[in-house]
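Throughout, protein chains are lettered first and strands after them, A, B, ... in sequence-line order, and every chain is numbered starting at 1. All heavy atoms count here, side chains included; hydrogens, waters and symmetry mates do not. Note that the coordinates shown come from a computational prediction; the quantities given were computed from them, not determined experimentally.
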Amino acid sequence: MKIIAPDFDLEKTLNCGQVFHWQKIGNAFAGTIDQLPISVEQHGAILKIHAATRELDGLKPSSSKRSGNVEAGRRDALERVVARYFALDYPLSKICAAFPHDPVMTAARDFCRGLRIIRQPRWECLATFITSSMKQVAHIRQISLTLRKRYGESKPILGHEIFAFPSAERIATLTEPELRTCALGYRAKNLLATARLVATGDADLEAWSKLPDGELRARLCELPGVGAKVANCVMLFAYERLRAFPIDVWIERTLRQHYFPRKRKVTAQGLREFCDRYFGEHGGYAQQYLFHHARRGRRAG
DNA sequence: CTCCAGGGATGAT
DNA sequence: ATCATCCATGGA
């Protein structure tokens, strides 16, 4: 099926470092939206979507009455799932127009046109970013793939086998030595401990969605392996908190270089306060644009 | 080979 | 409150 996706760049959205499991197959990207395996191919403002029919029947039925047309119901459900995941309902042009008007931000905005912050499943996003500490994007992708292949559910799409991210309950059944064989290193202990908290319900990721930003960040930071940076990533990518501003080594380098040139003695706390004040309501979006531009903006390839 | 990566926890100033 | 160190692993 096809859906219209204005102000959207699929490749930038999936390769900007916010999500780590989508695989390029020909001109399409294959992956899962939570448990649903799909492939997506972009042609201008049109997205061509493929999904297995039997998987669609597990989706919630449409609220609009379609007079018992099963096929139409499936298409409607699939369109809603895809549009929600890629956040096609967000007014991207307005968000970008509200960015600060400085040369650095303008260059990033031009480079990242069509990049959207997507709505990721909470546990999947949290678990992935726990494994991200001091890792390059390429290796985070490799860890995600290994976890999915070993402990996730297999889902065929377009003749390829892809895998859903394993549940917290599944991870919680493992031992630390088992997890370490997925090349997680010291992060295995944190992932396992957090999986157990989520599996038992002591950490209720869904209920936390009702908390204000400060309390949500505090709850996330109580989890093993989650500090301010990972918490802000999860808030931005899985809780729709567009103000959350993750500061990693790339962003810190960019900020110091372009916004505080020739100035020593800018503390981490000082940077934090500057980001909150200067980038404001959609700071997370601005951050992601700066991040992607800094990483991929002027590379050789 | 060396350097570094979407950091966090802990302990010492 | 800020700084130093350690933690595993692999890409560049």
Checking N1-N3 plus N6-O4 or O6-N4 for Watson-Crick, or N1-O2 and O6-N3 for wobble, each under 3.5 Å, the partner of C:dA12 is B:dT2

Partner of B:dG7 under the Watson-Crick or G-U wobble criteria, both distances under 3.5 Å, comes out as C:dC7

Between [atom2] on [N] and [atom1] on [X], what's the gap in Å once rounded to a whole number?
X: A:Glu273; N: C:dA1; atom1: CD; atom2: C1'; answer: 13 Å
X: A:Ile140; N: B:dC4; atom1: CD1; atom2: C1'; answer: 13 Å
X: A:Ile143; N: C:dT9; atom1: CD1; atom2: C1'; answer: 8 Å
X: A:Arg187; N: C:dC6; atom1: CZ; atom2: C1'; answer: 12 Å
X: A:Phe20; N: B:dA5; atom1: CZ; atom2: P; answer: 15 Å
X: A:Leu147; N: C:dT9; atom1: CG; atom2: C1'; answer: 14 Å

Output yes when A:Arg241 and A:Asp213 qualify as a salt bridge under the 4.0 Å nitrogen-oxygen rule, no when they do not.
yes

message = Base, sugar-phosphate or nothing for A:Arg253? Non-hydrogen atoms, less than 4.0 Å.
response = sugar-phosphate

Inset, instruction - Scan A:Glu252 against the nucleic acid and name what it touches under 4.0 Å (heavy atoms): base, sugar-phosphate only, or nothing. - result: nothing

Closest of C:dT2, C:dA8, C:dT9 to the A:Arg180 side chain is C:dA8

Stepwise salt bridge (charged side-chain N to carboxylate O under 4.0 Å, His left out) test for A:Glu79 and A:Arg75
CA-CA 6 Å; A:Glu79 177 170 355; A:Arg75 294 164 62 90; over 6 Å; no

Can you list the steps and then say if A:Tyr278 with A:Leu255 is a side-chain contact (heavy atoms from CB on, under 4.5 Å)? CA-CA 12 Å; A:Tyr278 186 72; A:Leu255 290 176; over 6 Å; no

Quick check, are the ring centers of A:Phe279 and A:Phe99 under 6.0 angstrom apart? no

Its contact letters, B for base, S for sugar-phosphate only and - for none at protein heavy atoms under 4.0 Å, make nucleotides 7-13 of chain B read BSS----

So, A:Asp76 side chain and A:Ala72 main chain: donor-acceptor pair closer than 3.5 Å or not?
-> no

The residue among A:Phe165, A:Phe237, A:Phe129 that forms ring pair (Phe, Tyr, Trp, His ring centres under 6.0 Å) with A:Phe20 is A:Phe129

query = Could you walk me through whether A:Arg113 and A:Phe8 pass the side-chain contact (heavy atoms from CB on, under 4.5 Å) check?
reply = CA-CA 8 Å; A:Arg113 191 162 299 277; A:Phe8 183 63; over 6 Å; no

